[in-house]
Amino acid sequence: MYKDRSTATEGRTGASKSELGTLRDPSDRKRINDALDKHLHLEKSPPSTSKGANGRLSIPSTSAGRRGPGDSRNASGLDKANYTEDDSEESDVSGSDGDDTSWISWFCNLRGNEFFCEVDDEYIQDDFNLCGLSSQVPYYDYALDLILDVESSNDDILTEEQNELVESAAEMLYGLIHVRYILTSKGMNAMLEKYKNTDFGRCPRVYCSGQPCLPVGQSDIPRTSTVKIYCPKCEDVYYPRSKYQGNTDGAYFGTTFPHLFLMTYAHIKPSRPMQSYVPKIFGFKIHKSAR
């Protein structure tokens, strides 16, 4: 074993192990070290420009000859980070490729849009159901194509500001379609499922005992008031608990929906509460004349 080691050393340096051991002069040591460095430098293969496994061109670093003792660890760490970044990019791309979510599903799943149900495409594609909306919504055709996920060749001619207006118009158009759809049998059935899941919230009144509510608008004219929740037990309206839901236009639900809904599903309408709050002072009821 020692003989092999000596032979290997002798082959690299051109001097035997015994000769290396007898060198005491500093100039001799420097000469041998220079020879070792020169030999090791010659053994290094030329930089490769072949493509790696990931298909990218491998370009050698110009600082390879100036690496310190800890640079090898740093370099491996950088390579690991690069692979991690590439993996994350590939995962993002693959996730976006498999994402087939429609615009309607995306819109209804946004925070604050929990009150909306998904309108059927067939209902939207029927021009009779959209009668009169083209005069209320700007960029009507573009907004309708966006809602139905129809790719239009005219999208490229729109500016960035116009695209933002189209997105806002699509939200408005969907809201105006939604208020009509929830008055149909399919629409009410969809809202019934959301009512059973208490997606519209509960009544904040104590004596209503957490009664599920329904969305209602105080006006049928857009941009007049925000949506409120109607309690079928105490028959009063309240602000939604979520500030995001409170920013939704009340005209997208209308003044008719909760009452027609309770007439259609009369079996779910609760009875009015028997209790009511009685103000007292030191345990005595306050007379009506003193209120």
What heavy-atom pair brings S219 and T255 nearest, and what distance separates the two atoms? N-CG2, 3.7 Å
Show your reasoning for whether side chain to side chain contact (heavy atoms under 4.5 Å, CB included) applies to Y277 and V206. CA-CA 9 Å; Y277 178 73; V206 174; over 6 Å; no
I281 and I286, any side-chain heavy atoms less than 4.5 Å apart: yes
For C203 and C213 the tightest heavy-atom approach is N-SG, 3.3 Å
S105 backbone acceptor or donor facing N109 side chain under 3.5 Å: yes
Would you give the length of the straight line joining atom CH2 of W103 to atom OH of Y174, rounded to the nearest 0.5 angstrom? 7.5 Å
Atom of L146, atom of E167 and distance for their closest heavy-atom approach: CD2-CA, 4.1 Å
Which value, rounded to the nearest 0.5 Å, describes the distance between R223 atom CZ and S225 atom OG? 13.5 Å
Would the distance check show the side chain of K243 and the main-chain N or O of G112 forming a donor-acceptor pair, the cut-off being under 3.5 Å? no
I'd like to know if the side chain of Q218 pairs up with that of T224 as donor and acceptor (distance under 3.5 Å, no hydrogens or angles considered). no
Just wondering, do E151 and D145 contact through their side chains at under 4.5 Å, heavy atoms? no
Do I104 and F116 come close enough that some side-chain heavy atom pair is under 4.5 Å? no
With the side chain counted from C-beta on, respond yes when D220 and V179 share a heavy-atom pair under 4.5 Å apart, and no when they do not. no
Nearest heavy atoms of G254 and P258, plus distance in Å: O-CD, 4.4 Å
I182 versus C117: any side-chain heavy-atom pair under 4.5 Å? yes
If we only count heavy atoms from C-beta on, is the L148 to Q125 side-chain gap below 4.5 Å? yes
Determine, for R205 against D236, whether the closest basic-nitrogen to carboxylate-oxygen distance falls under 4.0 angstrom. no
Under the criterion ring-ring contact (aromatic ring centres under 6.0 Å, His included), which of F257, Y123, F253 is the partner of Y181? Y123
Taking the side chain as everything from C-beta on, heavy atoms only, tell me whether N129 gets closer than 4.5 Å to I177. no
Would you check if the side chain of N113 reaches a backbone N or O of F107 as a donor-acceptor pair within less than 3.5 Å? yes
Heavy-atom neighbours of Y239 OH exceed 12 at 6.0 Å: no
Would you say Y265 ends up clustered with L183 if hydrophobic residues are merged whenever their side chains have heavy atoms under 4.5 Å apart, either directly or through other cluster members? yes
Please check if I229 and Y207 belong to a single hydrophobic cluster, counting links between Ile, Leu, Val, Met, Phe, Trp and Tyr side chain heavy atoms closer than 4.5 Å. no
Separation between OG of S135 and CG of L133, rounded to the nearest 0.5 Å: 7.5 Å
Kindly give the heavy-atom pair with the smallest separation between P212 and P232, and that separation in Å. O-CD, 3.4 Å
Between Y238 and Y230, does the ring centre distance come in under 6.0 Å? no
For F128, is there any backbone N or O sitting under 3.5 Å from a side-chain donor or acceptor partner on D126? yes
Starting at SG of C208, measure out to CZ of R202 and round the result to the nearest 0.5 Å. 12.0 Å
Assess, by modelled atom type and distance only, whether the side chains of D149 and S102 contain a donor and an acceptor separated by less than 3.5 Å. no
Does a sphere of radius 6.0 Å around CD in E193 hold more than 12 heavy atoms from other residues, nucleotides or ligands, not counting ones at 6.0 Å or beyond? yes
More than 12 heavy atoms of other residues, nucleotides or ligands under 6.0 Å from CZ of R272: yes or no? yes
Step-by-step side chain to side chain contact (heavy atoms under 4.5 Å, CB included) determination, I268 to L192: CA-CA 10 Å; I268 65 173; L192 177 62; 4.1 Å; yes
Do the ring centers of H178 and Y252 come within less than 6.0 Å of each other? no
Closest non-hydrogen contact found for I147 with A170 is CD1-O, 3.5 Å
Please list, chain by chain and in numerical order, all residues satisfying ring-ring contact (aromatic ring centres under 6.0 Å, His included) with F200, sequence neighbours excluded. F115
OG1-NZ distance between T248 and K228, expressed to the nearest 0.5 angstrom: 10.5 Å
Straight-line distance of D199 CG to M191 CE, nearest 0.5 Å: 9.5 Å
If we ignore hydrogens and angles and just use 3.5 Å, is the side chain of T198 paired with the main-chain N or O of G201 as donor and acceptor? no
If you define the side chain from C-beta out and look only at heavy atoms, does anything of V137 sit under 4.5 Å from L144? no
Common cluster, W106/Y142, ILVMFWY with side-chain heavy-atom separation under 4.5 Å: yes
